[in-house]
Asks: 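Okay, here's the structure, questions in a sec.
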Amino acid sequence: MLELRHRGGCPGPGAAGAPPPREGEAAGGDHETESTSDKETDIDDRYGDLDSRPDSDIPEIPPSSDRTPEILKKALSGLSSRWKNWWIRGILTLTMISLFFLIIYMGSFMLMLLVLGIQVKCFHEIITIGYRVYRSYDLPWFRTLSWYFLLCVNYFFYGETVADYFATFVQREEQLQFLIRYHRFISFALYLAGFCMFVLSLVKKHYRLQFYMFAWTHVTLLITVTQSHLVIQNLFEGMIWFLVPISSVICNDITAYLFGFFFGRTPLIKLSPKKTWEGFIGGFFSTVVFGFVAAYMLSKYQYFVCPVEYRSDVNSFVTECEPSELFQLQSYSLPPFLKAVLRRETVSLYPFQIHSIALSTFASLIGPFGGFFASGFKRAFKIKDFANTIPGHGGIMDRFDCQYLMATFVHVYITSFIRGPNPSKVLQQLLVLQPEQQLNIYKTLKTHLIEKGILQPTLKV
Amino acid sequence: IFDLFLIYGETASDSESRAEAAPLSASTDDTPEVLNRALSNLSSRWKNWWVRGILTLAMIAFFFIIIYLGPMVLMIIVMCVQIKCFHEIITIGYNVYHSYDLPWFRTLSWYFLLCVNYFFYGETVTDYFFTLVQREEPLRILSKYHRFISFTLYLIGFCMFVLSLVKKHYRLQFYMFGWTHVTLLIVVTQSHLVIHNLFEGMIWFIVPISCVICNDIMAYMFGFFFGRTPLIKLSPKKTWEGFIGGFFATVVFGLLLSYVMSGYRCFVCPVEYNNDTNSFTVDCEPSDLFRLQEYNIPEVIQSVIGLTTVWMYPFQIHSIALSTFASLIGPFGGFFASGFKRAFKIKDFANTIPGHGGIMDRFDCQYLMATFVNVYIASFIRGPNPSKLIQQFLTLRPDQQLHIFNTLRSHLADKGMLTVATEDE
């Protein structure tokens, strides 16, 4: 990785507009005593200038070297540069899609691991950008602290999920019981330890930098870690809730690009000059159709449709259930104008397909904003790609920038419109209450169930 | 308090040189004319001391009045404090980045504050005002789709931000976006935790806050009289003597205060909303925590005090934990704020309170405390809220409800709680 470790230097054409010589402060910022009023030798003030300078003065931060594998390079050596890039992108796209299918086949546990791996890599990429922007590789402690915070927040979230879904497994093990019961307290204590370490690590000359990196870390955590856990919660709801949204976003990317390539004329937004209205609208319609078709195909299989459960007897995840109403074919009467076109009275659809229209619409209309946000971010910090992990495509963040909004939307959608609270969580909380409270609730529930006719009044224990 | 006394206690030369380093100065002195005239003949240093003292007493008196006025007013005060803190921190951001003329940004920051507050208040309101909400039709719909509505509102703000990105100011705009979000994270979440604590019982709100205030004052006093060994480079005026003395004094203060307060229902009972009277009531049977119990004193203290047992409220044991946190970890919040002020070269967050600086200056130690109390309550004191559980239960599917009911029944039967009599009811 290219590193700009020369704190005294400021390469790039924009340096002309920057304050005069910095070599003086490279010899250690001892000039920062209260008695000096010379701004230029004060390190913290230098960052003040860094912050408020217009963007054009900021030098570019080049990403690391090209990582295209040798094989590909040899195979494509005969083509021109432009087509070569096109082929590399195409091959890598197909590779990623096949990898995706492979992981799906391997099951939900592998998917969880994959999501975790992606989250860690995204975090790493964004933090590395932060280091490069602030040239803060030599800050004491900071890399340790960033990874520590990542660990804490992951521990907190995974603990909440694990407690929910692995309830039976957890009840068996004594130590796990203790960890679960005081989980919030333990997570908070871990976070506090990190916070206190941060305060103790504040070094006189680097306050502002350290606060920036602290904030950068927290915002990154907010974005990457929370979203990845929402993805996993969606996954547990049923793999279809994971697959259809992600595929819709990917499809929208690809079809918008294709439509733009063939028909593109009117630019969409100044932020991304290559996007066009034709691509946007064409992508929208194709994604809706794609989502519709994918939902139809996936709704048939219990493997995709059932909530993921952990079975303690077999010690693995199973997806077996009676498919809910959403995934049972129902007859819908067509509105008159469609009747004439299709010449049918009714059509059999899965109700989920109606929901998939909502999901695809979001993926096509609002998802791109996530992409614009990432483009703006890259322009703001003058980077071409987040990293160079995937040849031809940039870093992992480049691929996943549109997905994040999608994951949150799907989660909110599910909790608002599809399911109520998680039954095992309700049960778990019930079992934690005081016995008198449990008895009260038991009586209330019994009355309610009898009223609704779900429970027969004459039933004995 | 210490950081500010550090600044006020500096000699004239220090403050002048600090001024030369071009700090982002806060606005002019807001000391009311009345005070200025009354103290005009004292020297500058004592004048500052008196101003601070008077304002401290004024704030404490104000605190008592608000407690007297009840939970509703307390909630409103917490909300106002939150808004003011947000405003102060955002203003600092503007000053740091010279970004007053960024298009849209002030609107967007306040919009995000509104969204996040809407989300949090909606969650709280649904919990505590359950019956009221169920009665009114528009409120019911708002609460049923609450998350979706909040998310949509946030998304609108997000899209507005993306659309407002202007070519030359990308970095600045992203900085302000990040700054706003971190501020929201700190300010809004903590204030809602404070309100959750409040609903648990006013004692859970009053004792922690008083412990932090007491620790501030006691550590200052001990430091003033006995202080010798500096504590941390970040705040040169803090001393180990002040730290340790403050710790012990706060623990004792917490014990005494909880003893006094545990006797009164209005402090000890959870705040509930009564539909019939359409107001908040604090009336209940005090839980075990707030009933006097006898404790055996360990031998080592028996000889000192001359008693074998002592009557205490169990809550007092918890108050030791709270005071310990307030004295040992609370100051880290203060160090964090000091570091922040030094990093951005500001003397105070703002000049709202004469002699004390801004609201954030007063509340910097409180934030960690509020989170701690909330986590403490959730982990050690109460379980989940029974009425909320019933509410969640009622939204499940019938087969899930039956499954849970049967599991609960077998659980209660195992425990021997179910008798034939209860079954026949």
Side-chain angles (χ1 to χ4, degrees), chain A residues 34-35 37 39 44 51-52 54-56 58 182 184-185 188 192 195-196 199 202 204 207-208 211 215 218-219 222 270-271 366 369 372-373 376-377 379-381 408-409 412 415-416 420-421 423 426-427 429-433 435 437-445 448-449 454-455 460-461, chain B residues 14 17-18 20-22 96-98 145 147-148 151 155 158-159 162 165 168-171 174-175 178 181-182 185 233-234 329 332 335-336 339-340 342-344 371 375 378-379 383-384 386 389-390 392-393 395-396 398 400-405 407-409 411-413 415 417-418 423 425:
Chain A
E34 309 290 23
S35 55
S37 58
K39 257 183 151 179
D44 281 347
D51 298 331
S52 47
D55 282 350
S56 51
I58 316 281
Y182 298 109
R184 281 201 184 179
F185 192 75
F188 183 62
L192 267 190
F195 182 83
C196 295
V199 172
L202 287 173
K204 188 164 183 182
Y207 289 151
R208 191 182 278 216
F211 271 93
H218 277 69
V219 174
L222 195 71
K270 266 188 290 194
L271 208 44
I366 311 289
F369 277 90
F372 299 150
F373 187 84
F377 182 84
R379 280 165 192 273
F381 295 100
T408 320
F409 175 75
V412 170
T415 47
S416 301
V426 176
L427 187 60
Q429 289 183 319
L430 269 179
L431 295 174
V432 166
L433 288 174
Q437 293 172 311
Q438 287 179 342
L439 202 57
N440 279 333
I441 291 186
Y442 174 76
K443 291 184 200 159
T444 317
L445 296 186
H448 171 82
L449 286 176
I454 301 171
L455 194 64
K460 291 226 168 209
V461 177
Chain B
D14 281 346
S17 56
R18 188 179 280 268
E20 269 182 31
V96 168
Y97 295 112
H98 309 293
Y145 298 109
R147 283 198 181 181
F148 191 73
F151 183 61
L155 266 191
F158 183 84
C159 294
V162 171
L165 288 173
K168 289 198 209 357
H169 302 295
Y170 289 152
R171 189 182 278 222
F174 272 94
Y175 277 159
H181 278 70
V182 175
L185 194 70
K233 267 188 292 197
L234 206 46
I329 312 289
F332 278 90
F335 300 150
F336 186 84
F340 181 84
R342 281 166 189 268
F344 295 99
T371 318
V375 171
S379 303
L389 278 182
I390 293 185
Q392 287 184 321
F393 183 85
T395 59
L396 289 173
Q400 293 170 320
Q401 288 182 349
L402 204 56
H403 170 71
I404 291 183
F405 178 75
T407 315
L408 184 64
R409 178 162 62 185
H411 176 83
L412 285 175
K415 289 215 163 192
M417 305 250 343
L418 284 182
E423 274 291 72
E425 267 177 30

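In what follows, chains are A, B, ... by sequence order, proteins preceding strands, each numbered from 1. Both backbone and side-chain heavy atoms feed into the values below; hydrogens, waters and symmetry mates do not.
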Asks: Let me confirm one number: the CG-CZ distance from B:L155 to A:F409, rounded to the nearest 0.5 Å.
Replies: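 Spacing of CG (B:L155) from CZ (A:F409) equals 8.5 Å.
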Asks: Given a strict heavy-atom distance threshold of 4.5 Å, which part of A:F377 is in contact with chain B: side chain, backbone, both, or neither?
Replies: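 Both the backbone and the side chain of A:F377 come within 4.5 Å of chain B.
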Asks: Could you tell me the separation between the CZ atom of B:R342 and the CZ atom of A:F211, rounded to the nearest 0.5 Å?
Replies: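 The distance works out to 11.0 Å.
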Asks: Side chain, backbone, both or neither: which part of B:F151 has an atom under 4.5 Å from a heavy atom of chain A?
Replies: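 Answer is side chain: those atoms of B:F151 sit under 4.5 Å from chain A.
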Asks: Do you know which two heavy atoms are closest between B:A378 and A:R184, and how far apart they sit?
Replies: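 Looking at all heavy atoms of both residues, the shortest contact is CB-NH1, 4.5 Å.
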Asks: Name the member of A:L202, A:I366, A:V199 that forms the most heavy-atom pairs with chain B at distances under 4.5 Å.
Replies: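 Of A:L202, A:I366, A:V199, A:V199 has the most heavy-atom pairs under 4.5 Å with chain B.
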Asks: Provide the closest heavy-atom pair for A:Y182 versus B:S379 in the form atom of the first, atom of the second, distance.
Replies: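 For A:Y182 versus B:S379, the nearest heavy atoms are CE2-O, 3.7 Å.
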Asks: Does any backbone or side-chain atom of A:F188 lie under 4.5 Å from a heavy atom of chain B? Answer side chain, backbone, both or neither.
Replies: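 Contact with chain B: side chain only.
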Asks: Hey, what do you get for CZ (B:F158) to CZ (A:F372), rounding to the nearest 0.5 Å?
Replies: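 It comes to 11.0 Å.
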Asks: Given heavy-atom pairs under 4.5 angstrom as the criterion, report whether the side chain, backbone, both or neither of A:F195 touches chain B.
Replies: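 It is the side chain, since no backbone atom gets that close.
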